[in-house]
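Since we're looking at a predicted model, the values are computed, not measured. One is the number of the first residue; the rest follow in order along the sequence.
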Amino acid sequence: QVQLVESGGGLVQAGGSLRLSCTASGIIFSLSDMAWYRQVPGKQRELCAVVTSGGTTNYADAVKGRFTISRDNAKNTVYLQMNSLKAEDTAVYYCNALSLLWGQGTQVTVSS
């Protein structure tokens, strides 16, 4: 069964940090490009960060320098380390695999 399960969301004060995790099953994780997206109500889902199967990373301008995406192929897990959080980072964060598969989302709320 193909599944992406996110965890690590929550409530944090502005300037704080959170680390999101996404564990995959049912796919060949080591060969899969992985990404984190986020969405706020009434807006389109937007890409935050990508890590390719080869380990190359890319970031949206809004999070560059504050967020870090990484992967652990031994654990079938991709992470999003979020530092210097801002109120505008408040959103539901979704894990994506292969530009096709989605997790259920995890809420991140940053209080100002």
Minimal non-hydrogen separation, Ser32 against Ile28, with atom names:
OG-O, 2.9 Å

Hey, does the side chain of Glu6 reach the backbone of Gln104 with a donor-acceptor pair shorter than 3.5 angstrom?
yes

Enter the distance from Leu101:CG to Tyr94:OH here, rounded to the nearest 0.5 Å.
15.0 Å

Keeping the roles fixed (side chain from Asn76, backbone from Ser25), state whether a donor-acceptor pair exists under 3.5 Å.
no

Taking the six-membered ring of Tyr59 as reference, does the NZ or CZ atom of Arg66 fall below 6.0 Å from its centre and within a 45° cone about the axis?
no

Under 4.0 Å between a Lys/Arg side-chain N and an Asp/Glu carboxylate O for Lys86 and Asp89?
no

Can you see which heavy atom on Ile69 is nearest to which on Val50, and at what distance?
CG2-O, 3.6 Å

To the nearest 0.5 Å, atom CH2 of Trp102 lies from atom CG of Asn96 at 4.5 Å

Hey, quick one: are Leu4 and Leu100 part of the same hydrophobic cluster, counting side-chain heavy atoms closer than 4.5 Å, chains of contacts allowed?
yes

Rounded at 0.5 Å granularity, tell me how far NZ in Lys75 sits from CZ in Phe29.
11.5 Å

For the student: nearest non-hydrogen atoms of Val12 and Gly16, plus distance
CG2-CA, 3.9 Å

Judged by atom type as modelled, is there a donor-acceptor pair below 3.5 Å linking the side chain of Thr106 to the main-chain atoms of Gly9?
yes

Which value, rounded to the nearest 0.5 Å, describes the distance between Ser112 atom OG and Leu85 atom CG?
12.5 Å

Which residues share a salt bridge (charged side-chain N to carboxylate O under 4.0 Å, His left out) with Glu46, sequence neighbours left out:
Arg38

If I take atom CE from residue Met34 and atom OG from residue Ser70, how far apart are they, to the nearest 0.5 angstrom?
11.5 Å

Any luck finding a side-chain donor-acceptor pair between Thr77 and Ser21 under 3.5 Å?
no

Whether Gln39 side chain and Gln44 backbone form a donor-acceptor pair below 3.5 Å:
no

Less than 6.0 Å separating the ring centroids of Trp36 and Phe67?
no

Using a cut-off of 6.0 Å, state whether more than 12 heavy atoms not belonging to Lys64 lie near its atom NZ.
yes

Leu11 atom CG, neighbour heavy-atom count above 12 within 6.0 Å
yes

Disulfide (SG to SG under 2.5 Å) pairs touching residues 57-112, sequence neighbours excluded, are Cys22-Cys95

Verify, without hydrogens or angle tests, whether Arg71 (side chain) and Thr52 (backbone) share a donor-acceptor contact under 3.5 angstrom.
yes

Is a donor from one side chain sitting under 3.5 angstrom from an acceptor on the other, for Asn83 and Ser17?
yes

If I take atom CD from residue Gln81 and atom CG from residue Leu18, how far apart are they, to the nearest 0.5 angstrom?
8.5 Å

Could you pull out the closest heavy-atom pair between Leu20 and Val108, with the gap in Å?
CD2-CG2, 4.0 Å

Work out which heavy atom in Val63 is nearest to a heavy atom in Cys48; give both atom names and the distance.
CG2-O, 3.4 Å

Is the NZ or CZ atom of Arg19 positioned over Tyr79's six-membered ring, under 6.0 angstrom from the centre and within 45° of the axis?
yes

Taking all heavy atoms of Leu80 and all of Ala49, pick out the closest pair and write down the distance.
CD1-CB, 4.2 Å

According to a hydrophobic-cluster definition based on side-chain heavy atoms being under 4.5 Å apart (Ile, Leu, Val, Met, Phe, Trp, Tyr only), do Val92 and Met82 belong together?
no

